[in-house]
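Accompanying notes for the structure given below.
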Amino acid sequence: MHEPWIEGRFEEGVVTTTVEQAINWARQSSIWPMTFGLACCAIEMMAAGAGRFDMDRFGAGAFRATPRQADLMIVAGTVTYKMASRVRRLYNLMPDPKFVIAMGACTVGGGPYFKYGYHVVKGVDLVVPVDVYVPGCPPRPEALLEGLMRIQDKINGHRIAKNGSGKLNDELPIPHHSGYVSAPADGEPMREHQKVTS
């Protein structure tokens with residue numbers, strides 16, 4: 001269960017919280033996406049950053065032109081095999097912690113090129129680890145904003161404390177912006193579900 005950010009109030013002007021919650025709040029309110037568009041979904045990503053939808057309301061309006069200053073990669077468009085190595089290189093240049101949104105049908109699973117497009121990667125999750133999938137062809141800017149809020153939920157769920165194995169906990173809390181349905185595949189992540197076989 002997600003704890004509120006403000007844990008206690010003793011008097012006016014005094015607020016108590018934990019360092020972990022303060023860090024997570026600051027990080028989720030200052031996401032820097034990378035300026036990175038591959039195809040037509042990039043037009044919707046630009047619309048989400050423009051005045052009508054205004055990603056800056058969520059603290060994510062500072063698009064960076066270099067991966068070394070970005071912590072969010074929005075893969076917007078068709079990923080071809082020729083571009084896949086460049087996507088991976090840009091991902092590796094981003095500092096940790098970093099997050100990936102797969103935006104659009106082509107990025108999520110190959111799109112209309114899935115069956116006959118020999119040049120298209122059947123999902124960017126075969127190239128980089130994806131945190132949030134935003135389906136659609138192309139998805140509306142509101143859908144991208146919803147995906148951004150899911151990233152903020154993931155950042156808010158980070159735990160600084162180490163578990164028994166010595167690794168940091170990375171828990172994704174139940175989303176609070178919309179409804180939540182527990183899918184059958186939530187227990188074990190699917191691997192190689194889009195692997196191309198000859």
Side-chain angles (χ1 to χ4, degrees), residues 31-56 58 60-61 63-67 70-94 98-154 172 175 177-198:
I31 299 173
W32 286 6
M34 185 167 51
T35 305
F36 184 65
L38 294 175
C40 40
C41 281
I43 303 298
E44 299 296 316
M45 181 178 68
M46 288 182 247
R52 184 174 181 186
F53 298 99
D54 195 15
M55 286 175 70
D56 221 1
F58 302 96
F63 280 86
R64 309 309 296 168
T66 172
D71 53 6
L72 173 63
M73 175 188 276
I74 304 172
V75 185
T78 310
V79 181
T80 62
Y81 283 103
K82 193 171 186 177
M83 191 65 186
S85 63
R86 279 74 169 180
V87 172
R88 182 68 185 179
R89 181 183 300 168
L90 289 172
Y91 177 81
N92 288 336
L93 288 172
M94 292 169 63
K98 51 193 168 187
F99 305 94
V100 177
I101 293 178
M103 180 183 178
C106 294
T107 310
V108 170
Y113 315 104
F114 178 78
K115 189 169 183 182
Y116 300 108
Y118 63 89
H119 64 297
V120 175
V121 176
K122 310 304 188 237
V124 76
D125 54 0
L126 299 173
V127 181
V128 294
V130 175
D131 296 290
V132 173
Y133 296 88
V134 179
C137 187
R140 297 265 312 145
E142 297 94 338
L144 180 58
L145 293 179
E146 179 73 17
L148 176 65
M149 288 187 277
R150 298 290 74 76
I151 291 290
Q152 288 178 323
D153 284 342
K154 184 160 189 171
L172 179 60
H177 296 289
S178 62
Y180 177 77
V181 178
S182 180
D186 278 352
E188 182 65 29
M190 294 187 295
R191 305 208 186 276
E192 300 184 358
H193 59 287
Q194 294 180 337
K195 190 171 182 180
V196 179
T197 58
S198 54

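Residues: numbered from 1 along the sequence shown.
Scanning all heavy atoms of the two residues, the minimum distance from Val108 to Ala102 falls at CG2-O, 3.8 Å. Closest heavy-atom contact between Thr78 and Cys106: OG1-SG, 3.3 Å. Of all heavy-atom pairs spanning Ala76 and Thr107, the tightest one is C-OG1, 4.2 Å. The two residues Tyr118 and Tyr81 have their closest heavy-atom pair at O-CE1, 3.4 Å. Nearest approach of Val134 to Leu144, heavy atoms of both residues: CG1-N, 4.1 Å. For the pair Pro135 and Pro139, the tightest heavy-atom approach, listed with the atom from each and the gap, is O-CB, 3.3 Å.
A donor-acceptor contact shorter than 3.5 Å links the side chain of Gln152 to the backbone of Phe58. Side chain of Asp125 to main chain of Val130: no donor-acceptor pair is present (N/O by atom type, distance under 3.5 Å, no hydrogens or angles). Without hydrogens or angle criteria, Asp131 side chain to Val100 main chain gives a donor-acceptor distance under 3.5 Å.
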Inset, instruction - Decide side-chain contact (heavy atoms from CB on, under 4.5 Å) for Ile31 and Ile151; before the verdict, give the C-alpha distance in whole Å, the side-chain angles of both, and the deciding distance to 0.1 Å. - result: CA-CA 9 Å; Ile31 299 173; Ile151 291 290; 4.1 Å; yes
Inset, instruction - Apply side-chain contact (heavy atoms from CB on, under 4.5 Å) to Val75 and Met103, showing your working. - result: CA-CA 6 Å; Val75 185; Met103 180 183 178; over 6 Å; no
Which atom pairs, donor and acceptor, lie under 3.5 Å between side-chain atoms of residues 34-55 and protein residues at least two apart or in another chain?
unit_1 : atom_1 : unit_2 : atom_2 : d
Thr35  : OG1    : Arg64  : O      : 3.1
Asp54  : OD1    : Asp56  : N      : 3.3

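Leu72 has its side chain within reach of Ile101: a pair of non-hydrogen atoms, C-beta onward, lies under 4.5 Å apart. Taking the side chain as every heavy atom from C-beta outward, Met73 and Met94 approach each other to under 4.5 Å.
Distance check: Lys98 NZ to Asp71 CG gives 11.0 Å after rounding to the nearest 0.5 Å.
Annotation: cation-pi pair Lys154/Phe99 absent, no NZ/CZ under 6.0 Å from the ring centroid and within 45° of its normal.
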